[in-house]
Structure formats: structure tokens, C-alpha cells
Amino acid sequence: MYRHLESRLAQHIRDFLRRTYKLELERIVIEQPPNVQFGEYALPLAFELAKKLRKAPRKIAEEIVGGIGAVEGFENFEVAGAGYINARVNRAALALAVAKNEEPKTDVPSGKILVEHTSINPNKAAHIGHLRNAILGDTFVRLLQFAGRKVDVQNYIDNTGVQVADVVVGFQHLEKKSAADVERLASQPRFDYYCWDLYARASQWYEQNPENKKIRLRTLHEIEQGGNETAALAETISTAVLRRHLETMDRLDIEYDFLPRESEILHLHFWDAAFEKLKAAGVLYFENESKNKGCWVMRRAGTSKPLTAENAEINQNAENSVSEEDQKVIVRSNGTVGYVGKDIAYHMWKFGLLGKDFGYRRFFLYPNGHQCWISSVQGEPDHPHFGDVAEIYNVIDARQSEAQNAVIEALRGLGFNDAADHYTHFSYEMVALTPRCAAELGYELSEDERARPYIEVSGRKGFGVKADDLIDKLIASAKKEVDSRHAELDDSEREKIAKQIAIGALRYFMLKFTKQSVIAFDFKEALSFEGETGPYAQYAVVRATNIFRKGRMDATSFSAEGIDFKRFLMPAVEERPLQGRVNHVSSTDAVLKGPLLHEADELWELWLAASKTGFIVDQCIATTEPAYLAKHVFQLAQLFNTFYHRHPILAEADEQKKKFLLATAAVVRRELIRALQVMGIESPPAM
RNA sequence: GGGCGCGUAGCUCAAACGGAUAGAGCAUCAGAUUUCUAAUCUGAGGGUUGCAGGUUCAAUUCCUGCCGCGCCUACCA
């Protein structure tokens, strides 16, 4: 509801400016006042207009307030401070709409969106860094779906790269295992853990003897080529590890629609098709000189003006002026293509610009019946259509932004500006370990490392926290708490609740940090169920649920019919302000601090927060920042807990008031459950 | 060297396009439970927003320089 009132307000302001000053503003800035008593919206636009209109801001604000007229849903407008315009909504009307769960329809673009996330090399167990990726990606998918968008979820599988080759080398040369041996191991429960260790061992083995690296290279070539024993072994390993990753992510309610694999990009010759187009457009050129002699290169992104088909010729002529540092090698001198090249081809496919398609095969059936598909050279006849989308989001960590930019530049160079404009690198920072955490894991720290704020996880060194280990730990910890609190429940019920709490804690933890912040992982914080955590919000829901259970009522169908919202949400003139909150008013700063908070204001804060879910979701999407939703959930839960503590609802003697308080609890409960759902967090029945 | 990002309370983090008093959690200390279970709540202390300039009515936010830190900068993926 909140966002609709906001856009209505913006429209009225726009009309007024046009009518009165003949002004068109690109954007009407609307803020949220620091205190609910200032109103629900604040407009600083008089400051901005002061220069243009050569008038004092306060004067302009007064003119706007005087001339804007009535706006549906709003009570009044008033000038504050040096020229703010504060808008007050009709509290009772908004509350009624929220109580009735009314959310006016908005126009939703029809185009399909593709979100790619997770994309773990299928050669070892997933770790906490991968969890951050998958949780961010999955939450973003839920945000888009909440907003009514159609979304395909893809998880790109690099099954032919060196990382898989390393594990193949480990099995073949370090462990001397036969194909049958590996098959047997691959069917073991946590095969990915086995590979985790083997991968680290193989990496060390290369350091021992330069000859060993030649074996790696040969292995890699055999895998890329396909149709041999080594490639078959790689397929066995990568498929088994991939299944493990899907299982791990399924524990967190993260699912995928399609798994495109690099092996198909190779074998279906996606690259060949892309290569021809890139050459023709002049995006790639053959280097005859210097270090990169014999390679097909492109100009490194950001070193000069974007490439376009029109100025390709200029680039050709200017190629000598491009230093080798500014070149990105796409095709090596031995004729093989690097991963950026494959990525370009893959992204042309995403936008339906390649003229080729994958084969599709059923791969993984989720317990809920959802079918996940995988790429295949020879597909099944009946399959859904993936790719050919309007917008894409790639959830890939910040370290790869240069490669992502190269792909975008290539699309532009090919003249696909529309695609490039709808290509979003959903960039986020890594999860690292605090030195203390590293020490807890038994890792020997150097002097240098101890002094750092955090230490990067390394799959090669086998250094990191495995995703399943962390989930297990969280569940065990939650189970202990549930056991001690709910002896009356069956063990299976307690187990289920423990899982919900564990996942709530984990998902919230990964979402509460903004994307560009490096998470310095620490067990103590990640395992916390108190304060700003998922379980805190889940607990608020449980509290609300308990009120209705105890009162033998249904929270989901609680009717707000006949409630006099005005009576409870508008402070009465004679009402005394609340003690204990917000309140240290001296005579000098009384104007800044505003009047004291009344009970009605405090209740209104809660209703107002409950009306903002759709508004926050929009903001999360526009900024690709799910952390705002986490903050909103926490704020709502916090306000509810204060409310819960202040009002013993079931003991309320005034029947009218009791009904209003119940409606408050029902609405907040509904919005908390809804917002948590968007974060992929379930609300347990008891805690 | 170049590119990207970061520096805010003891610690971990917030602060929508520049806006009203820089906010939370943890930790510390002092309190709250005959009640809808305290995984909760109330309160206290804790800040020259790395440093120095600049732009602006207004700067944690934008610009410049410096200091410190991280990542990227392979014919690896």
C-alpha cells in the first residue's frame, strides 16, 4: 500500500509544478521522515527549487502546501524546518486497507527474466562462499516472483574445466582408482567431501614436480575433447558432485530449472557460431605481434570507448595502439577458446541471439515434484524452452567483474545493445574467514595472516567451511534448544522445527550484509539465534500465533470488520505521551526532536511498517540489494516485540481495543510470514 | 603501475537520488517474568564517520589529494 500512496503523491506534485511553475522535474525525491510524527512522507524539493525559482525554500514549500489541494488518502501537508514538506496520510484509511490485505495491481513487464546463480565447479563440496551466492540468487528470484515476474533459474556447470581435471588426475594418478572404483565412491553419501580432500591433494601434487602439471594439461584436453575414458570419468565425478550440490541447496529450499553445462557448449559448437559473428563484427582481431602473437584478442573492457560495429574499422586501424596489457585473449594461439569466449557464446544463447539451442534432458526431480533439466547433446523430445529471455541477472562474485564486463562489451560490439542493457552482473563480495575462525579450523596462520581482518577461503588448499557442515551444526544447535523448550512434541516435529530455525538463521545471516561488504565469517555470529537474526523474526511470528491459539481464534481469517481505527491510531489531544521511549526533550531541541510519542503513534509505526512490504520489495529489485528486505523484516519484528511486551492483548478489558490489538497482531504476523517467505525462510509453528 | 571496492561505537554491520537528532546487533553494566513461553523487553555508557582540502542552503554520501586494507590485472576457469 505504502508505495501506491507514494506514487500518487509524486504525481500530484508533478502536476502542481507543471501547472504553477511550468516545471518538469526528472524525479520527485520522496523520503521517509525520521519520526512518524512528522508524517509518512517528506519532500525536500523546495530546497532544490529555491535556486530555479529565486525564492526562499520555505516560501516555496508554503506555496506548494497551499496549492496542491486534496490528495486521496492524505490528511494534510505541512511545512517543517527550513522548507521540508511533510505529508500525513489518513492513518485509518491506510490501516483498513492493510487489514483487508488490499494491494492495488501494478503493471508488470511481460518479458521473462533469467537468473543464473550458484554455478559451483562440480569438483568438490560447496562451501560458505557458495552459500552466499545461492542464497542471494534464490532470494532475488523470490523477489522477482513476488513482483509478478516470470523467472527461469539456471545454474551453470563448468564440467570440463581444470578444476574437474584436477580431481580426475587425483583419482587416476594419486589414488590409481579404476572407473569402477570411482563409480562406487561416487554413490557414497558425501562424495563431494571426498573430492574436497582429493582436490587439495592434487593441487599440492602439482607443486611437487613440474612434470605433474603436464599430466593435468593432457587430462584437461582429453576431457574437453570427449569420447574417451578420461572424459567418462570426469562425467561420472562432475555429475555425482553436481547431484550433491543440488541436495545441499535443496536443504535450503533452493531449486533450479535448468543446468546448462560447458560440455554442451563445446560439443554443440556454440563457440564456433559466436566466433564467426565476433570476427565479422570486428570485436575480435588476430594479433600478429608481441606477447599475444597468434591469438584472437579483444580490447579489455574499460580501456577505451565501447566497441560497436560502426567503429570496428577504427579499432582495426588502431589495433597497434592497443598495448598487450589492454588485450584480453579469447582464443589461444593453439586454437582453443578460453572461458570468456564460451561465456560470450552462452550469453548470446541466453538472449536468443546465437541461432543454436541445447538439447534437454530430465536430471533431478525435487521432492515437491519440480523437475530440473540439464543440457545434453541429444535431448528428450518433450522439453520446456529455456533461454531467449528479455533480461538476465548473473549472480557472480565481484572478482569476476572484469570477465563479466568483457561479455557485455562483446555483446555491444556485436550490436546487441538491447541485450547488453538488460544484462546485470549481480555482483557481491566474497565470504572470508576471520583469523580466529581459521585457527578454530586448525589452519596454521602466518604472522602476516593473523594481522589481517579476514582470510580468503581456498578450495585448492582445502581451506574453508563446507556448506553441509555448517547446516548440520546449525540444525544440531537449534535442535538442542527446541528439545529443551518443547519436550511435549514428537522428536520428528522438533527435528522439523530445528531445521526451519537453522535455515532461517543461515539465510538471514547471508542476507543481512549488503552485497559489497566482505563477510568475515565467524561461527559465533553465524550460529547466533538472538538479536538481528532469522530466528528473532521467526520467534515474533510464533508469539503472534500463540496469542491466537491461546484465544482460540484463527489468525489467518481474523476480521477487522467494525474496528474504529481512528480511535486507536490518532493520538487524542489529552493523551499523555508514553514514558520510556524517544523522550529526552530539552527546550532548545524540542523542535528537532518533535513532540513526545503517544501510544497511538507507536501503534501506527507498527501498522505503517506492515504496509511497506511491497515498497521494500520494489526497492530490493531496483537496487539488486536483498539486504533491505532483511532490514525490514528485522524492524517489523522488533516493533512487534515492543508492542507484544506493552500490550497484554488477551487480558485487555476493553473489547473494542482488544479487537484492534488482535487485528494488529494478525496483520503483522501475515506480513512477517510473507516477507520471510521472500527470503526463503519458513515460519515454524512453535519455538 | 592500472582497474574495482572498502575504511562509521570495543567487535560485526546500517544509514534509499546529498537532507531533519549518524542507527542496529553483539559485548559490558543496571533492571523487567503471578501474564499471549525471556530465542524477549527497558535503560546506561560507548562516535572528530581514516586524514586534509573542495563543491553545496545541507556531505558518512559527490569531487581532488594523501594514508591504510582487500580483490582483479594469466594463452587458469
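Quick note: numbers below take in every heavy atom, side chains included, and nothing from hydrogens, waters or symmetry partners. Every chain is numbered from 1, with letters handed out A, B, ... down the list of sequences. Remember, it's a predicted structure, so these values are computed and weren't measured experimentally.
From A:Ile28, atom CD1 reaches atom OG of A:Ser7 across 12.5 Å, with rounding to the nearest 0.5 Å. Separating the CG atom in A:Asn394 from the OG1 atom in A:Thr424 is a distance of 8.5 Å, to the nearest 0.5 Å.
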For nucleotides 54-57 of chain B, give me every protein contact, N/O to N/O, under 3.5 Å, one pair per line with atom names.
none

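Dashed line: the shortest gap from a side-chain N or O of A:Tyr539 to OP1 or OP2 of B:A39 is under 4.0 Å. Residue A:Arg485 places at least one side-chain N or O under 4.0 Å from the OP1 or OP2 atom of B:A39.
Here the separation of B:C51 from B:G68, taken at their P atoms, is 15 Å to the nearest Å.
In the set B:A20, B:A77, B:C75, B:A20 carries the atom at the smallest distance from any side-chain atom of A:Ala42. Which of B:A24, B:C36, B:U42 sits closest to the side chain of A:Ile547 comes down to B:C36. Here the nucleotide nearest the side chain of A:Glu456, chosen from B:A39, B:C71, B:A20, is B:C71. With B:U40, B:U35, B:C75 as the candidates, the nucleotide lying closest to the side chain of A:Tyr536 is B:U40. The side chain of A:Asp158 lies closest to B:A77, out of B:A39, B:A77, B:C71. Nearest to the side chain of A:Pro33, among B:A20, B:C41, B:C75, sits B:A20.
In terms of the side chain to side chain donor-acceptor pair (under 3.5 Å) criterion, A:Ser401 has no residue partners (sequence neighbours excluded). Evaluation of the side chain to side chain donor-acceptor pair (under 3.5 Å) rule for A:Lys499 yields no partner, not counting sequence neighbours. When the side chain to side chain donor-acceptor pair (under 3.5 Å) test is applied to A:Ser203, the partners found at least two apart in sequence or on another chain are A:Arg460.
Regarding A:Glu530, its CD atom lies at a distance of 12 Å from the P atom of B:G25, rounded to whole Å. Between the NE2 atom of A:His647 and the P atom of B:C36 there is a distance of 17 Å, given to the nearest Å. In this structure, A:Leu284 atom CG and B:C75 atom C1' are separated by 14 Å, rounded to whole Å. The CD-P distance, from A:Glu6 to B:A16, rounds to 14 Å in whole Å. If you take CG of A:Asn334 and P of B:C75, they are 12 Å apart, rounded to a whole angstrom. The nearest whole Å value for the distance from the CG atom in A:Asp397 to the C1' atom in B:A77 is 12 Å.
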Go along nucleotides 3-13 of chain B 5' to 3' and tag each nucleotide: B for a protein heavy atom under 4.0 Å from its base, S when only backbone or sugar atoms are that close, - otherwise.
---------SS

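Figure legend: cation-pi geometry between A:Lys515 and A:Tyr428 absent, as NZ or CZ is not positioned both under 6.0 Å from the six-membered ring centre and within 45° of its axis.
A donor and an acceptor atom never sit less than 3.5 Å apart when one is taken from the side chain of A:Asp618 and the other from the base of B:A16. Taking only distance into account, the side chain of A:His486 meets the base of B:U37 through a donor-acceptor pair shorter than 3.5 Å.
In RNA chain B, the stems built from three or more successive Watson-Crick or G-U pairs (distances below 3.5 Å) are B:1-7 with B:67-73, B:10-13 with B:23-26, B:28-32 with B:40-44, B:50-54 with B:62-66.
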